[in-house]
Structures are given as structure tokens and as C-alpha cells.
Amino acid sequence: MAKFKIFSTPINSSPLKQLWRAFHQNHFALVASWGLMFMVFIAIFGGLLAPYSPYVQHQDALLMPPAWHDEGNIRFMFGTDALGRDILSRILEGTGYSFGLAIIAVLLALSIGFFIGTIAGFSKGVKASFLNHILDVALTMPSLLIAIVIVAILGPGISNTFWAVVLAMLPQFIHHVRTEISELLDKEFVVAYTLDGANKFQTFRFALLPNMIERLVIFSTMAISSAVLDIVVLGFIGIGAQSPEPELGAMIADNLDVFYLSPWTVMLPGIALFLCILFTNIVGDGLRHALKKRRRQ
Amino acid sequence: QPKNETNLLANTLLYCSEGSPDLFNPQLVTSGTTIDAVSNQLYNRLVKINPQTGMVESDLARTVIISEDKMRYRFYLRAGVEFHTTDYFTPTRTLNSEDVAFSFARVFHSNHPYNKVGGGFYPFFDGVEFAQLVEQIIVVDDLTIEFRLTDPQASFLANMATDFAIILSAEYAEQLSEQGLEENIDHYPIGTGPYKYEHYVTDRYIRYKKHENYWASQPNFEQVIFDITPNNSNRVAKLLTKECDILGYPGASDVQYLENKNGIDIVEASSMNVSYWAFNTSEPPFDNPMVRKALSYIVDRDAIIDAVYRNHAEPASSLLPPNNWAYKKIDRNLDFSIEKAKAMLTEAGYPDGFDMDIWAMPVQRVYNPNAGKMAEILQQNLSLIGVNANIVTYDWGTFRKKLAQGEHDSVLIGWLADNSDPDNFFRPLLSCAAAFSGSNRSAWCNDEFDSKILQALSITEPEQRKAFYQEAENILFEQVPLVPIAHAVRYRVNRDNISGVELNPYGGISFENAKKHAKKTDKTTRAKEGKK
Amino acid sequence: MPVKLLEVKGLLKSFKDRAHWLNRGKDVTIGPVSFHLNKGETLAIVGAAGSGKSTVAKLLATAETADAGELIFDGETVDWRNSSFFTQNIRIIFQDALKSLNPAVKIGEQLEQVLLFNTRLDYQQRQEKILEALRMVGLLPEHAEYYPHMFSGGQAQRIGIARALILDPKVVIIDEALAPLDPSLRAQVVNLLLDLQHQRGLTFVLISHQISLIKYLSDRVLVMDSGQIVEHGNIEEIFAQPKHPVTKKLLFALDM
Amino acid sequence: MFNYLYRKTSLLLFISFGITAFAFSLYYLFPGDLLTNMTGITNITEENYQFLADKYKINESIITQYLAFLERLYQGDWGVSINTGDSIYQLIFNLLPATIELALYALIYSFIVAIPFGVLSASESHPWLDKGILSLSLIGFSMPIFWLALIITFIFSISLGWFPTSGRLSLVYDIPPETGFILIDILISDVPYKAEAFSDALEHLAIPTFVLAAYPTTVLIRSTRQSMKSVMQKSYIKAARAKGLSTWQVLKRHGLRNGLLPVIQTLGIHFGTLITLAMVTEVIFAWPGLGALLVDAIHQRDFTTIQGGLLVISALVFLATILFDVLYMIFDPLARIRGHGKI
Amino acid sequence: MRLLDIRNLNIELLNLDQPVKAVESVNFSMYPSEVSGLIGESGSGKSLIAKALVGVLNNRWQVTADRFHFMGQDLNKMSMQKRKKIISENIAMIYQEPRRCLDPTSNIFSQLEESLPESYHSGWFNSKKKERVRKCIALLHKVGIKNHNEVFHSYPHMLSEGVCQKIMIAMAIAKQPKLLIADEPTTALESSTSLQVIKLLRSLNQLKDMAVIFITHNLNSITSWADTINVMYCGQLIESSSTKKILTAPKHPYTKALFDSEPDLSEQQNKNRTKLYALKGTIPTLQHLPIGCRLGPRCPNAQKACVIIPEPKKIKGQTFRCHYPLNIKELK
Ligand SMILES: Nc1ncnc2c1ncn2[C@@H]1O[C@H](COP(=O)(O)OP(=O)(O)OP(=O)(O)O)[C@@H](O)[C@H]1O
Ligand SMILES: Nc1ncnc2c1ncn2[C@@H]1O[C@H](COP(=O)(O)OP(=O)(O)OP(=O)(O)O)[C@@H](O)[C@H]1O
Ligand SMILES: [Mg+2]
Ligand SMILES: [Mg+2]
């Protein structure tokens, strides 16, 4: 039943723009998105910004507290760890490992998942139901567990972790794209496209794709936070990145030894990690809300 | 009822250990973890070393009579020493000469039925070539036993007092043979020590119960528990939350942290140890002394002592620690120098460096509180001379197993002396014999070196011996099968209501005289000697 | 004298209903039905829910493929697989206009896409055609820049009509497309349809439950029941003397 | 009904096949010697080799090998650990209860906390409370579990000394393991210090449970809130209110029932994550469970243990998912007709 | 005495940037056992009024009225509890989509049971169970459902829409309300089923003296049996009077347009394709209402005065809001 739109006058803007507008109205999420941008910036350029190499050991400054501490030194903003490595530099570089790699992993999983999911979404019959079963099985397995399995096979290390995370997230992406497509295929306007004479590719390109993008963006945002968690957890339990690689999880595990003596060696990387995940989650949440709001209009 | 609880707690000693024992018989191992867990709790030796004085004194043997020529040692055993009664063994008799004979015969006689049980390797005894030394063991009577030596070797009695020379039950061994369960002798132990085996869960805990019929004074605890906590900070946390009474091997930074905590005692204990970096000389490129020498220059001892030991150690300029009588300070020009290392490596034919593994122990030991960190420092320095180092660790059991199989390139490990004799540093670590039995991590066999340390053994005059050892050390620093890094200070950390814990300077910990007080012990006994 | 535009012979479609635990999957067969359409007339299809009205409409528009049947258009037999013929000659207007518009694409672009899929017009020609179509249904040129969500139900229905008409079809099928509109809007759309038929000589197939509307708009009626045509004829005759009980029931339902 | 069962059984079969085939394929995926990966025996002697090769049928077709593998699985002959030589079957089933216990308590805990909070935050009566709960849950959701664990232990164990830091029970108490579930074991044991041991066990549980529950709690709060919000908008709730039922009655009779249904589904979806997080928690708190075993095994490249552990954990996850599905079906009459393929 | 008498009812939606008046100053009254039709375009606020009457609007809505009398009692002056009680005992409502108004997870019996009056629920646990079952069976029979046992144990999704709607009616009449509000009860139903439902409501009105507010789009379904008809447009009640008067002489241009836009059945075949009477333009949104008369921009006879909001006028029992009403013999 066509109802009035009580909310506001219709705005002549694309759904994506509307989504952005709705998102914009949520100041909290907006601030978080700046935070996220900042973190992404660090993930990309952190290595260049770092005052020191994350590996270099300053023998003269072991376990130096952060600069704001009484005994701190401005040379090392965030202090140093037990081997005299600059924590700031390690965090800057580590954000690239934990967060940057997570983003790349998500992008990769997204593209592969998009490809397979699209094919799966269009296929019918035995092939599709077999794939469904496989996906169902794979989906019940939490991504971290899959990642652990893959690392168990490949062996520890940051690059293996990366591939493990990509592979672990793949089923979710395939599933997501596939359900999205099969849901859209049931929509009337897609049928309308076929009746307009569009072929399969045209239907996909003009009818499905524009309607999938925003949900994919949101899904990927949420996936980033889980990818970060997977990477750092693997690093923390010692089967992901190996020290001295400045991956944040491995770094925290590495500094546990001196946690009681110099808590900042653990707290600061933890805070960086927490902020990455928090910002991602808030932005993801904000986007989801914005989408809901837009859909309601 | 709260009464019950206090009783239970007061009657239990909780020791947070850093790793699991390999098995329950120290004869077969060199690992300090096993020694700590087993030697002094379950077993006695014929003689022991007084931790305070460092002198040999009686244990199961009332007296020892040494012949003039120092070739015959006659031990007179105590009467009425009871073995443990457990659910798997009930002794029918008390300790006698048979038990002593059995315990040593197992080690010496390669055709003894128990010799091959558990692998047939007795690293300590093999390392000091005990089998060649002891010509014969003669059971004189029920409580008298005599050891006849081939040489009048100076270190014999000291070796008899080590944590390895424990006395097993011959009766139990017989029972096991009948049941065909010979292997059990090392896993379900029977001894005469103050505590007896109750239960062991791999990697989790060991539970010992009081030995009610202990021949010496009654043990103070109903049970002693080894809470196996490999994680350093977890151990500290447990000490702080009173989940354990005594802490094994505090990390260097933890000592610093715990010093400022109430209710915790930190005592510096004397210890003879060395940590070193051993190269597997059977593998290229480490078969080349030049390479080894080059690598020895990248060891920045000061940095390591600062970062890893947090200054609770001394840089090692020799294999022997300074508190050993044979030690002599010699400036060997061991300075950290990248240039020298680089130059030497180029000379050795590796101008572009190579790839190598550094194996780092996963556990804290007296001599090395954090091998991983040490490895990272070395890795960093190695990268400066183009050597790409990969740090490898496994859990402690696997680590030792793989190490014994010689799968490593180089390893960061160390040695805690078993007795005060300097020989204990040389033969187990670097002799050809040890190269096969496994405690020579460098798999290094040098005839000249071997002859030097054997010559040192054959004489008793300390100054002469000292000279031989110095010559051996010279060879060592030329050939560099291993690089000595540091001599660490050992700490005992416990809650302040615990007293009487003994740390053997040459080995394990003993809870025989440990006590738990309802209140804190008075101030005087917990002077914090180790504090700087 | 009415001219036969389209003739359907023995159109048949059967569905296998998926079995689920309550009923064990009955087969539904629609047809065989045969009927014809005259040029410029409005044919109404009535019948109870599930009687197969929409199915017939979909078959005509090839939204579903027929199992059997023959279609003669302007005297020539048409191949069912000739999809471009159908998209250009027989168009359908959907019930829910908003749902049948792609929410992520501007109206103008959607109309343009229809042209792109079916014709070889150049950009200029396409724009002209779009403007013409919009004007025809009473919308303004700037509406081309709007997104579907900005339209009210009546406007959306107009866009649906514009989209159907932009390819100049001969037959337009209106499947319940007027039911969801409010009375005042519905009147507007009905008027629009009448205008278009008048101007362009369109042929309508009207499917509706609203007897009053059918009576108002159509020339001939088909009455369907469980997949079969039970009665057909001129609207006056059928309303005056319904023969089949289903027809009687349907007509009776409206005087309440 | 029959159809539903049929579908579930066939799915179960498919899954069992999936898991076992996956576990079997690990033999080949893991590096190292095939026979060692299968048996866990490292130094296989010549004469032993022939015997083992026959037993494990490694020279025959993959199908035969797989069938032999299934048979061994069924007989409990899961090989021995490459490192310790212990029977893997024994090892795993001794540790499994600890894992289940931890996960279960965390689940119960999160249920008890999350449902009221979720409902409270869904009711629009206290917007600030809603915001507070939401922010808190977002923060909880974003905390890496190990970091949370560190902070919590630092505050509550180290600084305040309220709770022990690790383990399941103070080692002072010697409780014979009967079921493997520590609380049950304590209750059925006949030791004089039952009461203290029980409270000690609870103290040990406190922090790990809390830390592990953080994730499911936040997920549950969010999903409860969302589903309650949408349910409370439903016409039948309005209809029920119009009937004159009080707010509480409406909530009890219609709101919670419908609102919690999707929550059950969410739980099913997130149970797997809970189990993985339980594994991490075990590592952090030295909780002697399957997760700690598995992680150790990965460290040590103990492939037989890894394989067994993965098999059991994935089976556990699937069983739980199916359990939640059945639960869902029991409570939701609609699910019975629409429960296609999804587990 | 009037059954219901409301003056100046306003319903506002609060949680937007600025509050929006969805229903504005509506006066509404009816007598016992009267049938009152409420018609108007979608979104004009009909359902809101109904919901406001039964008090199920959530707290995002603000409902105010100068007078709110029901059965002679001033509900405005009562505590919330008492007001709720009176309303729930005397006013019942049935909705447009019956299946959505039934809880999908509980069976029909338990839902029917809870709508029985309080007296059936008091007393010992289960002591009145039998009585309740009997009563429920009787209710189902009353709405024309015979296989009560089967229906009792069914869940809503197992029943057809028509049956669900009948159950909704059964629930509504369980308390023997004085007033039944039927909010588009037949829209989701097939024509033959909807006929049954209307017949049922009609008979209940006649037999039980139950007043009915019948909200609908479908003019045909109301004109034959409603006593009065109220027409809404954009949140305002623009005309209300007896059915006959409204059919013969509507005063408001919108009312006329509404009836004219419905093709007349009695007319002969529309051979020459005349057009329907249609207002131009679309309905404004509530946030962008025209100044003055809300129909203004669409009204065929709009004049200058229409920029002033017309006040309700009453002529011969016919109330309307228009400056230039139709069908008035002598214009002032
Ligand atoms: N894709 C399909 N698969 C299975 N059965 C179908 C399908 N489409 C239609 N049917 C069945 O065909 C019959 C006719 O459906 P159709 O939609 O044509 O009815 P209708 O007359 O348009 O009804 P309504 O008035 O409700 O729109 C129905 O029984 C329906 O269940
Ligand atoms: N929950 C809501 N949130 C925001 N606006 C609402 C809500 N419910 C109704 N409205 C708005 O209030 C106005 C009146 O709605 P109402 O449901 O009363 O219309 P109606 O006359 O019953 O329409 P219909 O005939 O379509 O049922 C409409 O403009 C509608 O958009
Ligand atoms: Mg239809
Ligand atoms: Mg309504």
C-alpha cells in the first residue's frame, strides 16, 4: 500500500548518497569514521611515519616509559619494550600488519567471494544445492577456527595468517553475495528487467549490481573487524605473526613477560588495536543504521 | 568448615614450576626441570652437598670410608630406611646394599636388564665417563657397599652427591620385571625421599604426598604440588594471588617487579651456571671455525645482560663462572664488533651472509630467563652482518627431543653445574663422549681439548688442574663450538610465610625442610640479599 | 468490424507445486486456453484468486514459458523464443509499480536502459523518446532525474506505464495494476489509460478483481476458474445473463 | 514433521561426511610423512612399517583408506600424539568436558545478563539506558578477548586479589575426575572439603567465564534488542495490548516468546565463535581444555593431535548448531514448514 | 446519550526533527449501536484515530483531545489504569491484516482465551478452564467456524486469511464490547470472503447492539450499511454526516471527487469512453501541507479565501470544512 512519506521531502539523490546522508546525521559514527580514516592512514603510511625502525633495539633505553610518564623521554613517545624497541614505531608499523592486512584480506575475499558468489547465485539445481550444503557446512565453522586449521596446515607466520584469514572469510562472502543475488532475483524489478529484454549480463550489471553495493560495503566493514580479530588472536596465541614482527597481537603476547613491570608495553598496542576495531564496528553499525533508516523512507 | 580449609592449605606446598619433568628419574636426564621436580623430593643419594657450606655430607650413607689410594670408597648405609608405599608398590623391606648396587648397575652395566629401559642413555654419567671410572661395585654386606675405581679421580665423591646419583628400589624393579612393566620404573617412581608420587598430569601438575615413614625428620607438608606454569607472567600472577608459595625461575623483569611487593621474599642464591650459544658443528657452515668465530663477535653481552637479565648477571668471559675455584679472569678481547664479524665472515667465504636458525628455549632457566628475547637481540645483530636468522622454539619437551637429535643450527641454552668441580662444565658440554650422549649441543669433538680435560681430571693438585682447564678454555675460544654469554644470578622467590626451601647451588630445589608459617617469618630470615 | 490482432490457441502451463509437509504437492495446470484479442479493445480477465489469470498474462508476456500453445499475431504465427518480439509488442504493467522499479537507478536511466536493450537509437533519439514517454503519462522532464523512492504510488504507476509504452507496443497487459491506488489517484490513472488507448489504439488486457472497474473499462470478458476459461463474451451480455455459476458468484460479490 | 526430520538427518549425514572427509584430508594436507601423520608414530621401523601400512591401507585407494579411517574413528583408535605418544582419543575426551563446561557457563552467564539488558534497552522507556547499554556492548564487542582478559586479570586478580588467575581448581584440592565436569565432580566426590572446593572452583570460573561471556553477551544484547524492538512493533503485540493485557503480560505471553526466537538462531550462528573464543580463553587462563591442547599441538606440529582436536571441535560446533536449530524448531511453529537446508 | 464524543483530537508524531501533526482537530461522535464509516485516502490518518481510541499508540505519538467522553465518562480525567481498563473492556478492534495480528508462536486457543473477560481468569488455577473452553467454542461458532477443535490447536500460519479474520472478530467480541473498530477488515481478503466478514459484522451490530466504526477504502462496501460516514483528508475530518446525505449531496469537493472517481455500476456500459472524475495532483506530505485548506491546490473550485484554514461548519447535521461547499442552495 502506497503510504505517504512522512519523514522528509523526497531528495533527489542516489541511494548511496542517501545512505551517506543518513550516516552523516549520526555524529557519533561520523567521528568514528574519521577515526577509521586516521587508522587506515596509519596502516598505509605508518611505516613512513615511524621515527625508528620497529626492529632496531636501543640498548640504552630498555623499558622506557611513555613520554608523559615522569621517567619518560620525549625520544620515545610511547616508551620502549624490553629490548629497547620504540613502541610507537612498532604500533605504527603493527597497525599496518594487523589492520592493513585485514583490510586487504577483506578486499581479496570480497573479490573472490563476489566472483564465486555471483556464479553460485545464478546457478540452479543440483549444482546449487550441493554448493549450498558445502557453504552451510563451511559457514557453521567460525572463521577463526577455519583460520586456525589453515595455519595448522601451512604453519605459522604472517603471510600464512593472511591467507588463512582470506580463506576463512571466503565462505561468508560467497554466501552473502549468493543470498543477496538470489534475493534480488526474486524481486519484481529484476523480472521487469528480463521482460524489458535485458540478457543475463545486463540484468546483473544494471539491476543487481547497483543494489548490492551498499550492503556489500556494510558487510565488508563488519568483516574487517572480524578479520582484525582473527589476525591478532592468531598472533597472540603464537601461531600467527611471529615476533619480532610488529603485529599487534604478537606484540602483546611478546610483551606479556614485562606486563607487570611496564604495563604500557601491553596496554598501548592493545589500545591501538581496540580503537581500530571499535572504529570499524561503529562505522559498520552506523552504516547499517543508515541503511535501515534509508530503507524505511 | 573453614578449619578444614586452613589445614589443607597449611599442609600443602605449592610450587609453580616452569615446565614438565621428562620422567621421574634424574638418572636419565640433564634437564633442570626434571631435577627440580624429582631428585630431592622423591629420592635420596648416598651423600649430598650441603647447600650452605658446599661440602659433601652424609645422606643415605652414614659414613664413607675412602681408601688411601683414593681408589676404593666404602659406604655404610643407614638402617631402617623405608621406601615409599604407594598404590602400585608396597615394599617388604627397608633399604639395603642391593638397592644401591641396582641403582648404579643400571647405569654402568650395558648388559644390565634395566640398562636399556628408557633409552639406555645416562647423559650425566656418560658425560663424566662414570662407567669407565667405576671398576666394580661390591656388596660387602646388607648395609655396606664398596665402589672400586680405575683412577683416583678427584671428582668422584662430588659426582656421587649430584642430583643424578639417586637410589632406586631393587625390589620394585624386580616386581616390575615380573609384570613386564620395566618402563614404569621411571614413570611411577619409588624412592626413599621425603615425598612420594601420587599423581601426574602432563603439563599441568604433579602431586606428591608425604612419605610417612621417612627416615629423617618428618616432612612438614601433607602434600607438595608442582603447578606447571610455563608462562612467566602467569607464574608471577599466581605467586601474587597466593596460588603458589614458591616460584621457580622468575623472569628477570619479574624480580624487579616483585621486589616492591609486600609478602614476597626474594633471595639471591649462589649458583654456578653459564648460558651459551652453541653451534651445531656437524652442519655447514658451522663446521667452519672461522664462521663460528665471526658469529661470536656479534654477541653483545652488555646489551643482553641489560635487556634479558635486567642486570642480574655477569658477562661470561669464560665457560667457568667466576665463583668456581678454577676460574681465572683473562681478557680474551670478546668485545662486540660488527666490523670484525663482518670481516671474518667474508674471510670465511660468506660475504653475503647466510640463513640460519637460532633455537631458543621456551622456558626460563637459571642461566637464561628469556632465550627468546636473547635470540631476538642476536637476530638483530646478525642482520647487520647479512645473516638472516630465524628463531625457532618448541615446547620444552619437544625442544629437548629435537635438540638431542641434532636438528638445530644453533641453540641458546646453558648449564647449571651439578657439583663444584670444574670438570662438570667441560666434560658434559664439550667432550667427545658427550657429543654422542647428547649433552654436547655443539656435537663438537676435539681431541686436543679432550685430552686436556682428561689430564686435568687425573691429577688432584688444584693449581695444576686449573692450568689444564685454562688451556682447554684457550682451545675453546679459538674453535668456538659455543659462545659463553653470561653467568646469571639465581633467585629464589617465595611468599614470606615459607621458609626452609633449599636451593642446591649445583642443582635442584629441595622441600625437605620447607615450612609454612601461619604468620610471616620474622624479618631477619628474609633479608633481601639479592637487592641491589 | 473488429480486427483480430492476436490469437492464442491451446495455451498450456503446468506447475509442480513443491511438496511440503502439509500437502503433498499438487500439480497445477493452467489451460489449455484459447482466446483472441481485437485491435484497440480492452479484454478483461476475471476469476477467483488462483484461477490462473496472472499466469495467462505472464505467458503472454513470456515471463513464464508456455508448455504448449500457439500464438498468432497479426496473422502470423510467432515463435515463443523470439523474445525481442514479445518485449516490443506485448508489455506488462506490474501490480506494484514501485517494486518493479530498480531502486538504485534514476528513472531516466531506467527508461533509457529499456531502449538500449531493444533498439539501436543514438543518445539524442533515446533522450527524445524518454521525454516523450514522460510527457505522455503526464510527468515532467525533470522527473527523469528522480529516483524511484521519490515518487508517490500514482506517479510510480505512471512511470510503469511509460516504461511499458516507450517501445510502442501493441498490447499492454494490466495485472491488478490499479488495485493498490487510492481512489483519487486511480481515477487519474484510469483516465490516462483511456486517453492512451484513444490516441494510440492500444489493446489492453485488464486483470482485476474490481468488477466496477472492469465494467467501466472493458469490451469483452474472459471468466476463468481453476485454469480454464469458463465463460467469455461481450461485457453487456455477460453482465446481463451470467451463465456459469462462477460468473454469478463473482458478480454477486460486488453488490454489497 | 517427517520431512523435517528427513531433511535434518540427511543434512547431518552430509555434515558427518564433510567433517570426516575433511579430517581425513588433513592427513594429506599436513606436511611430513603420511604414515606418521596417520599413526603419530615418529620413528617407524622397517618391520613395523609393513604392519602399519597394511593396517592403515595406505597403498590402497583413497576410498579404502577413508573407510578404514572411519572404522578406526568408530573404534576409538585415533592414533597417538606425535610428541607425547599418548592416545589421542583418551587425551581429547579427557579434556573435552573442561571446554564444554567453560563454554556452557559462559553461555548461561551471557543469557542471564544479556536478555534482561536487551529487553530493557529495547523498551523505549529509558533512552539513556539504551544508549549506555548499546555503547557498552559495542565496546565489549570490539575488545580483543585476550586484551580484555589481561585487563580483567590485572584488575581483579593482581591488583585486588579477588580471584585466582588460572586453572580450574586450586591444586590443593584433589578431586578424582569422574565426569570431567569439575563442579559435578566435586559434588559427587566424597572428600571432606567439598564445600571449599566447590567455592574455589566457582572462583576459578569467575574470570574466564566473564571474559569468554563478553562476546556472546554483547552479541545477545544486540540481537535481543533488535528482535525485541521489531517484535514490539508487530501488529499482534498491538492487538494484544488492545485486548487489555498489561505490559508485562504482553511481554511474557507474546513479546519474549517471539523476540527470543531469533535470539536462539543468533546463538546457533555464534556458538562456533564461542567455541573458538573458548579455545583462546583456555590458552590465556591455562584452562586445561581442548583449545589449549589444540593450540599447543599447533605450536608443536603435533599433527595427529591437531587432526583429532579439529575433528572433535568441529563436530561439537555442528552438533550445537543442530541442537539450536531443533530448539528453534520446537519453539517456532513456522520453522517447521520453512526450514530448508539451513542448519 | 452519546457512546463516544471526541472534540479536537490531535495526534502528533514526536520523534522527528519537528513534531508532525498527523491528525488535526478531529471531532467525532457516535451513538450506541450506530455504524459509522470512516473513509479517506491512504495515509489520511484513519488508522491513527482508531489506534488512538484503543490507546495502543506507543510513546512516540502524542494524543491530545479537548474532550474524550466514552459512555458518558470523561476519560481525560481518569488515571491511565482506569482508562485502559474501561477501554479494553468496552472497545475492541480488528485489523486489516488478520494473520499479522495473531501471535505466530502460540496456538489459537491460547490467544482466544486471553481475550476473554477478566472474570474467566480469576479463581483457582485451571478451575475455570472448562468454562473457558466452552466459551471459546461458543465464540468460534458465533463467527461461523465449526471445526473448533482443529482450529484451537492450529497456529495462525496454518489457517487461511478469512479464518484468521473471523478469529480476530471472535476475539474482539469476546468481551461483548460496546464499540467495535474494524480497520479495513476486508482489504486482505478475497471478495467472497470479505462479503462473509461484512455480513458477520452486520449481524453482530444488529443482534448485539454493538456500535461499529468501519474504516475502509472501498466505498461500495460501506454505503449500504453505515448510518453515518466520515471522510478524512490529510489528517483532517473534512465531512461527516448521514450516509444518505453524503451520497446525495456531498458538501466538500473532495467527498464528491471520492465518490465520483469510483465507476458507478448502475450506469450503463461506458461505450464512448468517458473519463472518470479525477482531482488533479497528488496528496501533499504531512510536512509540507499547503497553507489554508488542505485540498486547496487540488480543489477545482478553489478561490482566494481558501488560503485560510476553513473551520468546521454544520448545516442540517452535515459537518464539513470548506469555504465554498457544494450542493448549497442559497449561498450567503
Ligand atoms: N511459479 C509457480 N509455481 C508453482 N505454482 C504456481 C506458480 N505460479 C502460479 N502457480 C499456481 O498457479 C495457479 C494460478 O496462479 P495465478 O497467479 O495465475 O492466479 P491468479 O488468478 O492471478 O490469482 P490472484 O487473483 O490471486 O492473482 C495458482 O494455484 C498458483 O498456486
Ligand atoms: N509508525 C509510524 N511512523 C511514522 N509515521 C507513521 C507511522 N504510522 C503512520 N504514520 C503516518 O501517519 C499518517 C496516518 O497514517 P494512518 O495509518 O492513520 O493512515 P490510514 O488512513 O490508516 O491509511 P491506510 O488507509 O493506508 O491504512 C500517514 O501519513 C503515515 O505515513
Ligand atoms: Mg494474480
Ligand atoms: Mg490504515
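Letters A, B, ... mirror the listed sequences (proteins, then strands); counts begin at 1. These numbers come from the heavy atoms of this one structure, side chains and all, not from hydrogens, waters or symmetry mates.
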Determine whether D/Arg225 and D/Asp130 satisfy the following criterion, side-chain contact (heavy atoms from CB on, under 4.5 Å), listing intermediate values before the conclusion. CA-CA 9 Å; D/Arg225 177 177 176 274; D/Asp130 178 27; 2.8 Å; yes
Per-residue contact mode, D/Ile19 against chain A (heavy atom under 4.5 angstrom): neither
Please determine, by modelled atom types, if D/Tyr215 and D/Ser110 share a side-chain donor-acceptor pair under 3.5 angstrom. no
Tell me, for D/Leu310 versus chain A, whether the close heavy atoms (under 4.5 Å) come from the side chain, the backbone, both or neither. side chain
Going by atom types alone, do D/Ser81 and D/Asp302 pair a side-chain donor with an acceptor below 3.5 Å? yes
Is it the backbone or the side chain of D/Phe22 that comes under 4.5 Å from a heavy atom of chain A, or both, or neither? side chain
Please identify, among D/Ile275, D/Ile306, D/Ile313, D/Thr273, the residue contributing the most non-hydrogen atom pairs under 4.5 Å to chain A. D/Thr273
Given that the side chain runs from C-beta out, which part of A/Leu256 has a heavy atom under 4.5 Å from chain D: side chain, backbone, both or neither? side chain
Tell me, please, which residues at least two apart from A/Ile146 pass side chain to side chain contact (heavy atoms under 4.5 Å, CB included). A/Met141, A/Ile150, A/Ala168
What part of D/Ile284 lies closer than 4.5 angstrom to a heavy atom of chain A: side chain, backbone, both or neither? side chain
Select one option (side chain, backbone, both, neither) describing which atoms of A/Leu144 are under 4.5 Å from chain D's heavy atoms. both
Of D/Val295, D/Val280, D/Leu274, D/Leu150, the largest count of non-hydrogen pairs under 4.5 angstrom with chain A goes to D/Leu150
Between D/Phe14, D/Phe141, D/Phe30, who has the most heavy-atom pairs with chain A when the cutoff is under 4.5 Å? D/Phe14
